[in-house]
S.K.: 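Please find one structure pasted underneath; my questions will follow.
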Amino acid sequence: MPPHPLTRPLVETLACRIVASGAYDAALVAAARAESSRVVSQAGKTVGEWVPVADPSLAASDIDALPDAVLRQTESGAEILVVFSEGDVTDADVAAVHSGGSDLDGQPTITLTLTDEG
């Protein structure tokens with residue numbers, strides 16, 4: 001399943017995660033459904049997280065296009081299961097973030113400048 005960007009409704013915070021797939025991430029899905037916590041751990045490592053889906057947001061409007069996405073409903077709204085992996089970009093990988101531009105379709109863009117490690 002291709003990466004799918006999700007944004008959290010926090011000021012100046014953008015999180016891009018790969019949405020867990022019921023077909024490809026069966027072990028993660030089983031572990032996530034067996035626990036009630038937001039973070040999913042296996043062997044002491046974080047391997048997934050239930051992320052609130054802000055409504056309205058691009059993520060909320062795109063969920064119907066992800067037929068294999070793993071969702072749960074909570075008292076505060078919908079949450080989608082995302083995958084964490086060794087190759088995830090962290091704050092240490094990002095030197096700067098620039099916004100304000102737009103792509104060829106007029107959609108807003110964000111440019112990341114990575115560190116040497118990133």
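FYI, side chains are in, hydrogens and waters are out, and symmetry mates aren't considered; it's all heavy atoms of this structure.
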S.K.: Under the side chain to side chain donor-acceptor pair (under 3.5 Å) rule, collect the residues that match up with Ser36, sequence neighbours excluded.
M.R.: none
S.K.: Quick one: side-chain contact (heavy atoms from CB on, under 4.5 Å) partners of Ala96, sequence neighbours excluded?
M.R.: His98, Thr113
S.K.: Apply the side-chain contact (heavy atoms from CB on, under 4.5 Å) test between Trp50 and each candidate in Val82, Val39, Leu81; give the one that qualifies.
M.R.: Leu81
S.K.: The criterion is side chain to side chain donor-acceptor pair (under 3.5 Å); which residues satisfy it with Ser41, sequence neighbours excluded?
M.R.: none
S.K.: Stepwise, does the side chain to side chain contact (heavy atoms under 4.5 Å, CB included) test hold for Glu79 with Glu49?
M.R.: CA-CA 9 Å; Glu79 293 181 338; Glu49 179 183 14; over 6 Å; no
S.K.: Under the side chain to side chain donor-acceptor pair (under 3.5 Å) criterion, do Glu35 and Ser37 qualify, and how do the steps go?
M.R.: CA-CA 6 Å; Glu35 300 178 19; Ser37 65; 3.1 Å; yes
S.K.: So does Ala20 get a backbone contact from the side chain of Asp25, meaning a donor-acceptor N/O pair under 3.5 Å?
M.R.: no
S.K.: Check salt bridge (charged side-chain N to carboxylate O under 4.0 Å, His left out) between Arg33 and all other residues, then give those that pass, not counting sequence neighbours.
M.R.: none
S.K.: Hydrophobic cluster membership, with links at side-chain heavy-atom distances under 4.5 Å among I/L/V/M/F/W/Y: are Val51 and Val40 in one?
M.R.: no
S.K.: Report the C-alpha distance between Leu114 and Val94 in whole Å, list the side-chain angles of each, state the deciding distance to 0.1 Å, and finish with yes or no for side chain to side chain contact (heavy atoms under 4.5 Å, CB included).
M.R.: CA-CA 4 Å; Leu114 301 178; Val94 179; 4.3 Å; yes
S.K.: I want to check something: taking the side chain as every heavy atom from C-beta on, are Phe84 and Thr46 in contact at a cut-off of under 4.5 Å?
M.R.: yes
S.K.: If you compare all heavy atoms of Asp103 against all heavy atoms of Thr109, which two are closest, and at what distance to 0.1 Å?
M.R.: N-CG2, 3.4 Å
S.K.: List for me each residue that meets side chain to side chain donor-acceptor pair (under 3.5 Å) alongside Ser76, sequence neighbours excluded, and say none if there are none.
M.R.: Thr74
S.K.: Would you please name every residue forming a side chain to side chain donor-acceptor pair (under 3.5 Å) with Gln42, sequence neighbours left out?
M.R.: none
